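Please read the structure below before turning to the comments.
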Amino acid sequence: MQKAQFGMIGLGTMGRNLVLNMADHGIAVCGYDRNVDQQKRLLEEGKDKLVQAAATMQAFVESLETPRRIMMLVPAGKIVDAVIDEIKPFLQAGDILIDGGNSHYTDTNARVAKLQDTGIHFTGMGVSGGEDGARLGPSMMPGGNAAAYAELKNILEKIAAQTDEGPCVTFVGNGSAGHYTKMVHNGIEYAIMQLISEVYAILKNAAGCDNDELHKIFTDWNNGALQSFLVEITAKIFLQPDDLDASKRLVDVILDRAAQKGTGLWTSVSALELHVPAAAIDEAVAARDLSGYKKERSIINDFTPATKTVNTTDKKQLIQFAHDALYFGMAVSYIQGLHLLQKASDTYKYEINMAEVVRIWKGGCIIRSVMLNDIRKAFVNDALLQNLLLDKTFYALLEQKRDALVNVLKTGMDNKIGMPVLSSSLNYFDMFSTGRSASNLIQAQRDFFGAHTYERIDKEGSFHTNWN
Ligand code: 6PG
């Protein structure tokens, strides 16, 4: 039997789909899963393709050409460590072990360190695009080290989503850079999803749009400056009938309680630790948390009189404002996420090429959008750009949409519609555009009660005053 060029551990839908994607590109792959049914399923779906399944871990490792290229697609956490412990005795220096799950970057750091002395390369790789992405072309964010990536490049480039600027994969950076980048991707994903739901609330409750209109609006938006995967699927969601009652739309019977697996929270925690303001992401996580208090919300809802729609703006105008507000909010979500990534790259010595990250997000992943073309231009012009607002052209794109956002916020407030990410996006933009802020007062207070000292605008040094 021909030795396989790639091995996959974990044959759930994501793992199986990646194997089939590789096989479609003429890559011989061997899969392994403890669950025999999953092995059988792979062989069934992969019949007539260069796909094998191994019955044991040892047989799996022996089926692979060296250096071995192995990806684990198993649930993040302890299982990853258990698989590493199980496979380690069969591997040799030069082999490459990829963790393709959503692992926390600090776990990835620990695993890189743990395998350091063995010569086995550990590559933490973010994979985005869900099940369809895995089957047809995901966006992949591998970290680790450049030598290991050189061994993976050919295969990963073949199976990645393809764009006008090449395959959606690149060596993202050292150590845990790949998983960190995927974490930030997910933080941005949370913010954009929350923004879309806020705009949905405005269009539905203030503009009075029904599901057919919403479908049309999001479809139109997806043909313009808001073109993106999340806007595209949102348009489709509004048309989906309810299987249990065909007279209803599914979206209207889904419980309004948003779940989460934690990557948005991880992004916020890291942003707070690195002192990078990323309130759009924080607010998106908080909004999911708040949605979880369904019972309490229902009780409090009965305390207040029913919300009245105030038609201060005409419908067509409001839809246009909502478009621009969503554009503004999406831009701020990218700005904050990329600022964080740039800061993390400096702090953790990832050496991330920001323009390359933006390029590989242009296809295959959940946050792909046409806006990333403009964002990429800014990083191509200045690879060390700390914050996209410092790029005058990009800043101007947002400035033009500020009034529209303000109008949407006013309408939302009149209608008692909570818009945490839209409003925090405006606050962020306005505060970053303010040369002289009100933080002088905070410094005065700190010095007043704690003698923490302050700096002056007209003299160097640190000062303390005996306040009366
Ligand atoms: C992707 C997604 C994916 C993530 C889901 C669910 O890029 O394909 O980010 O990795 O797991 O979106 O995330 P939550 O359950 O936290 O919403």
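Here the structure is a predicted model, which means the values were calculated and not measured. Just so you know, residue 1 is the first one in the sequence shown, and it goes up from there. Atom set for the values below is all heavy atoms of this structure, side chains included, hydrogens, waters and symmetry mates excluded. Order of appearance sets the numbers: ligands from 1, and atoms from 1 within every ligand.
In this model, a donor atom of one side chain and an acceptor atom of the other lie less than 3.5 Å apart for Lys362 and Asn373. Gln342 and Asp346 share no donor-acceptor pair across their side chains, judged by distance under 3.5 Å alone.
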Which pairs would a plain distance check flag for residues 134-141, meaning a side-chain donor or acceptor within less than 3.5 Å of a matching protein atom at least two apart in sequence or in another chain?
from, atom 1, to, atom 2, distance (Å)
Arg135, NH1, Asp24, OD2, 2.8
Arg135, NH2, Asp24, OD2, 3.1
Ser139, OG, Ile360, O, 2.6

Under 3.5 Å donor-acceptor pairs involving side-chain atoms of residues 234-243, not counting sequence neighbours:
from, atom 1, to, atom 2, distance (Å)
Thr234, OG1, Leu230, O, 2.5
Lys236, NZ, Glu232, OE2, 3.3
Asp242, OD1, Leu244, N, 3.0

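Ligand 1 places these atoms under 4.0 Å from at least one heavy atom of Asn186: 4 (C), 7 (O), 9 (O), 10 (O). Atoms of ligand 1 lying under 4.0 Å from any heavy atom of Gly130, numbered from 1 in the order shown and given with element: 8 (O). Numbered from 1 in the order shown, with element, the atoms of ligand 1 that lie under 4.0 Å from a heavy atom of Lys182 read 1 (C), 2 (C), 3 (C), 7 (O), 9 (O), 10 (O). The atoms of ligand 1 that sit less than 4.0 Å from any heavy atom of Ile366 are 1 (C), 2 (C), 7 (O), 8 (O).
Remark: aromatic rings of Tyr200 and Phe218 are distant, center separation not under 6.0 Å.
Among all protein heavy atoms, the one lying closest to atom 11 (O) of ligand 1 is Asn102 ND2, 3.4 Å. In terms of protein heavy-atom proximity, atom 7 (O) of ligand 1 is closest to Ser128 OG, 2.5 Å. In terms of protein heavy atoms, atom 16 (O) of ligand 1 is closest to Tyr190 OH, 2.5 Å.
Taking any N or O of Gly129, backbone or side chain, at least one lies under 3.5 Å from an N or O belonging to ligand 1. Residue Lys261 has at least one nitrogen or oxygen atom sitting less than 3.5 Å from a nitrogen or oxygen atom of ligand 1, judged on distance alone.
Using a 4.0 Å cut-off between a side-chain N of Lys or Arg and a carboxylate O of Asp or Glu, Lys40 and Asp33 do not qualify as a salt bridge. A salt bridge links Arg402 and Asp430; the closest N-O separation between the charged side-chain nitrogens and carboxylate oxygens is under 4.0 Å.
When His185, Met183, Glu189, Met193 are checked for heavy-atom proximity to atom 9 (O) of ligand 1, Glu189 turns out nearest.
Proximity of Cys365 to ligand 1 is not established, as no heavy-atom distance is less than 4.0 Å.
Annotation: Lys49, atom NZ; neighbour count of heavy atoms from other residues, nucleotides and ligands within 6.0 Å is above 12.
Here Arg288 has side-chain heavy atoms under 4.0 Å from ligand 1, and that is the only part of it that gets that close.
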